[in-house]
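The figures that follow rest on heavy atoms only: side chains count, while hydrogens, waters and symmetry mates do not. In the text below, chain A, chain B and the rest are named by the order of the sequence lines, each starting its count at 1.
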Number of protein chains: 2
Amino acid sequence: MMKELENKLEQKEVRPTAMRLLVLETLQKQKAAVSLQDLEDTFEKADRVTLYRTLKTFQEKGLIHSIEDGTGATKYALCQEGCECAPEDMHVHFFCNSCEDTFCLPKFKIPEVSLPEGFVPMETNLLVKGVCVNCTA
Amino acid sequence: MMKELENKLEQKEVRPTAMRLLVLETLQKQKAAVSLQDLEDTFEKADRVTLYRTLKTFQEKGLIHSIEDGTGATKYALCQEGCECAPEDMHVHFFCNSCEDTFCLPKFKIPEVSLPEGFVPMETNLLVKGVCVNCTA
DNA sequence: CCTAAAAACGCAATTCCATTGCACGTTTTA
DNA sequence: TAAAACGTGCAATGGAATTGCGTTTTTAGG
């Protein structure tokens with residue numbers, strides 16, 4: 001199983017260190033996006049900066065993407081299957097006002113947006129706030 | 001002219017102090033959204049906190065709205081005519097990667113987004129990043 | 001196998017932005 | 001006009017992101 005994680009890292013040209021494997025494993029388990037603080041809480045022994053740089057590396061290599069959900073803390077999420085984390089492949093993020101979790105909704109594409117003359121779009125982020133499926137019950 | 005500004009404030013139940021009139025006047029002149037830092041640079045004599053609270057008041061009273069453009073600093077913009085700054089009246093914001101200005105595009109509505117079963121949307125923010133009309137030349 | 005170079009890590013410290021507490025002056029209102 | 005409410009300025013705090021640098025670990029070459 002660790003082998004799978006190793007492969008995943010190596011495919012993206014990220015050297016599979018112990019720390020990185022653990023972080024990747026954790027990210028895979030999550031249903032919601034995680035913040036740096038969340039990771040710190042998960043790995044109490046690990047250094048904040050190491051985790052920070054791990055996330056940064058993952059992001060640069062296209063393993064994860066970051067999300068600004070308005071809470072002030074950046075959240076991170078692995079892209080699910082089918083999502084390349086590429087700018088063109090834009091999906092929706094949902095922030096739950098109740099549980100304050102942020103979800104990545106790769107299956108729900110952002111509709112085309114019309115812009116004024118001369119504005120050239122490169123990437124698009126759509127953040128929907130509301131109540132998530134776990135909190136509507 | 002100052003009278004107009006005064007009226008605008010009073011209509012929103014904001015008492016027209018000297019500082020507030022100046023800030024409002026400045027905001028009206030802007031084509032792009034401004035940050036607290038921008039205001040500090042404009043009014044070097046004014047206190048950061050006063051400007052901060054002025055913006056906060058304006059926002060609470062519905063004169064302006066805030067924008068998170070991913071730069072870390074919150075930007076603020078007056079709503080143009082026709083925009084009520086209400087959650088339902090959602091418009092697009094455009095961040096220029098070149099000049100790093102953020103524009104409010106009230107004429108361009110956010111298309112309806114479909115969400116998974118059980119997710120209830122309440123407000124929506126669409127941030128498009130790219131190159132603005134001033135930088136495409 | 002050994003060593004030099006490169007990469008990752010850990011700790012300390014800094015920066016940037018947002019926010020709060022409190023004292024003081026001004027405006028409103030009873 | 002006195003009390004209360006409000007606005008302003010200064011000092012200080014807090015949270016998150018980020019950098020510097022020395023140490024450890026890993027990699028690649030001899």
A/V49 side chain, from C-beta outward: closest of C/dC11, C/dC9, D/dT8: C/dC11
Given DNA chain C, 5'-ward residue of the pair B/G72 and A/R53, judged by closest heavy atom: A/R53
Closest-nucleotide 5' rank along DNA chain D - winner of B/K45 and B/R15: B/R15
Rounded distance (Å) that lies between atom P of C/dA8 and atom CG of A/L55: 14 Å
Check: B/F58 and B/K12 side chains under 4.5 Å, non-hydrogen atoms: no
5'-most by nearest nucleotide on DNA chain D - A/Y76 or B/A46: B/A46
Donor-acceptor contact below 3.5 Å, side chain A/N7 vs main chain A/E4: no
Whole-Å gap separating C1' (C/dT19) and CD (B/E60): 13 Å
Atom pair distance, as rounded to whole Å: CG in A/D38 and P in D/dG15: 15 Å
Backbone of B/C96 reached by a side-chain donor or acceptor of B/E100 within 3.5 Å: no
Proximity to the side chain of A/T74 - top-ranked nucleotide from C/dG10, C/dC9, D/dA17: D/dA17
Distance test, side-chain N/O of B/K75 to OP1/OP2 of C/dC17, below 4.0 Å: no
Whole-Å gap separating P (D/dG9) and OH (B/Y52): 16 Å
Any B/S35 side-chain N or O less than 4.0 Å from OP1/OP2 of C/dC17: no
Rounded distance in Å - CG (A/L51) to P (C/dA8): 15 Å
Atom-pair distance (CD on B/Q37; P on C/dC17), nearest Å: 6 Å
Distance in angstrom units between B/D41 CG and C/dC16 P, rounded: 13 Å
Length of the CG-P vector between A/D47 and D/dG22, whole Å: 17 Å
B/F103 ring center within less than 6.0 Å of A/F119 ring center: yes
Phosphate OP1/OP2 of D/dT8 contacted by B/T17 side-chain N/O (<4.0 Å): yes
Touch class at under 4.0 angstrom, heavy-atom based, for B/T57 against every strand present: nothing
Sugar-phosphate, base or nothing in reach of A/T50, heavy atoms under 4.0 Å: base
Within-4.5 Å side-chain heavy-atom neighbours: B/R15 and B/L9: no
